[in-house]
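Just so it is clear, the values below take in all heavy atoms, side chains as well, and ignore hydrogens, waters and symmetry mates.
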Amino acid sequence: MTKLKSKLKKIKFEFCGKIGDMCIQTLVQHFGPNLEEFSIIRNYFEKVAKISDESLKVFQHAPNLRKLEIVYSRKFDENIAIYLSKYFTNLRILNLSGCPIQVSLEPLNYGCPYLEELNLSGDSWVKKVCLQGVAKHRNL
């Protein structure tokens with residue numbers, strides 16, 4: 001894909017378990033300046049490549065990103081809220097369904113001021129502290 005001369009605005013992978021941190025980093029470094037939407041929808045029952053919060057750092061190369069979907073990743077850690085608020089300032093839609101978020105998402109209140117939609121469904125491991133932090137967001 002990175003050999004394309006195209007300036008992709010939307011990238012979406014569905015049910016492709018091979019997409020992981022390294023692939024995300026390569027794609028965003030190549031297409032980042034034009035990207036508006038980035039989605040990876042994965043199957044809950046499939047063995048999948050690792051997507052961690054560390055891969056979110058590369059989105060500093062995608063300043064126009066409005067929509068981010070990462071469905072089913074079990075590797076997000078305590079830095080997810082910090083990285084989201086730092087590298088996704090224009091984000092409007094965030095879908096992390098099936099991802100066990102166990103930290104406060106309060107940094108999104110000031111780091112993602114345009115956020116209108118947040119989907120954390122599909123996982124019973126989402127903690128109360130996560131929801132309390134983001135409940136104060138002015139657009140949600």
message: Determine whether a donor-acceptor pair (N or O, by modelled atom type, separation under 3.5 Å) exists between the side chain of Arg92 and the backbone of Asn90.
response: yes

Using atom types as modelled, flag every donor-acceptor pair under 3.5 Å from a side chain in residues 77-86 to any protein atom, sequence neighbours excluded.
| unit_1 | atom_1 | unit_2 | atom_2 | d |
| --- | --- | --- | --- | --- |
| Tyr83 | OH | Glu54 | OE2 | 3.1 |
| Ser85 | OG | Ala81 | O | 3.1 |
| Ser85 | OG | Ile82 | O | 3.0 |

- line: Output for pair (Leu96 CG, Leu68 CG), nearest 0.5 Å, gives 6.5 Å

message: Rounded to the nearest 0.5 Å, what separates atom CD in Glu36 from atom CZ in Arg66?
response: 6.5 Å

field: Closest non-hydrogen atom pair between Pro63 and Gly32, with its separation
entry: CD-O, 4.2 Å

Show me the side-chain donor-acceptor pairs of residues 17-28 shorter than 3.5 Å, one per line, residues at least two apart or across chains.
| unit_1 | atom_1 | unit_2 | atom_2 | d |
| --- | --- | --- | --- | --- |
| Asp21 | OD1 | Ser52 | N | 2.7 |
| Asp21 | OD1 | Ser55 | OG | 3.3 |
| Asp21 | OD2 | Ser52 | OG | 2.7 |
| Thr26 | OG1 | Met22 | O | 3.0 |

- prompt: Mind checking whether Val126 and Leu131 have side chains closer than 4.5 Å, heavy atoms only?
  reply: yes

message: Testing the basics here: between Gly133 and Ser104, what is the closest heavy-atom pair and its distance to 0.1 Å?
response: CA-OG, 3.8 Å

- prompt: Is a donor on one side and an acceptor on the other found under 3.5 Å between the side chain of His137 and the backbone of Tyr114?
  reply: no

query: Are any non-hydrogen side-chain atoms of Asn95 and Leu120 less than 4.5 angstrom apart?
result: no

task: Taking the side chain as every heavy atom from C-beta outward, state whether Leu56 and Phe88 have any atom pair closer than 4.5 Å.
output: yes

Worked verdict on Ile51 versus Ile70 for side chain to side chain contact (heavy atoms under 4.5 Å, CB included): CA-CA 9 Å; Ile51 296 177; Ile70 299 178; 4.1 Å; yes

- prompt: Got Asn64 and Leu35 here, is their nearest side-chain heavy-atom distance under 4.5 Å?
  reply: no

Closest non-hydrogen atom pair between Ser73 and Cys99, with its separation: N-SG, 3.4 Å

- prompt: Under a 4.5 Å side-chain heavy-atom rule over Ile, Leu, Val, Met, Phe, Trp and Tyr, are Phe13 and Phe31 clustered together?
  reply: yes

field: Gap separating the CD1 atom of Ile101 from the SG atom of Cys130, nearest 0.5 angstrom
entry: 6.5 Å

query: Can you tell if the side chain of Ile41 reaches within under 4.5 Å of the side chain of Glu69, non-hydrogen atoms only?
result: yes

field: Distance-minimising heavy-atom pair for Val134 and Leu105
entry: CB-CB, 4.0 Å

message: Check the orientation of Phe38 and Phe59. Use parallel for under 30°, tilted for 30 to 60°, and perpendicular for over 60°.
response: perpendicular

field: Nearest-0.5 Å distance, CG of residue Leu108 to NZ of residue Lys136
entry: 13.0 Å

- prompt: Does Gln29 reach the side chain of Val58, with side-chain heavy atoms less than 4.5 Å apart?
  reply: yes

- request: Measure the spacing between OH of Tyr87 and NE2 of His61 and express it to the nearest 0.5 Å.
  value: 9.0 Å

- request: Check whether any side-chain heavy atom of Asn119 sits under 4.5 Å from a side-chain heavy atom of Leu94, and report yes or no.
  value: no

message: Please determine whether side chain to side chain contact (heavy atoms under 4.5 Å, CB included) holds for the pair Val103 and Val129, giving the CA-CA distance in whole Å, both sets of side-chain angles, and the decisive distance to 0.1 Å.
response: CA-CA 6 Å; Val103 297; Val129 67; 5.8 Å; no

- prompt: Can Arg42 be said to sit on top of Tyr72's aromatic six-ring, NZ or CZ under 6.0 Å from centre and within 45° of the ring axis?
  reply: no

message: If I take atom CG from residue Asn109 and atom CZ from residue Arg138, how far apart are they, to the nearest 0.5 angstrom?
response: 10.0 Å

query: Between Val71 and Ile40, is any pair of side-chain heavy atoms under 4.5 Å apart?
result: no

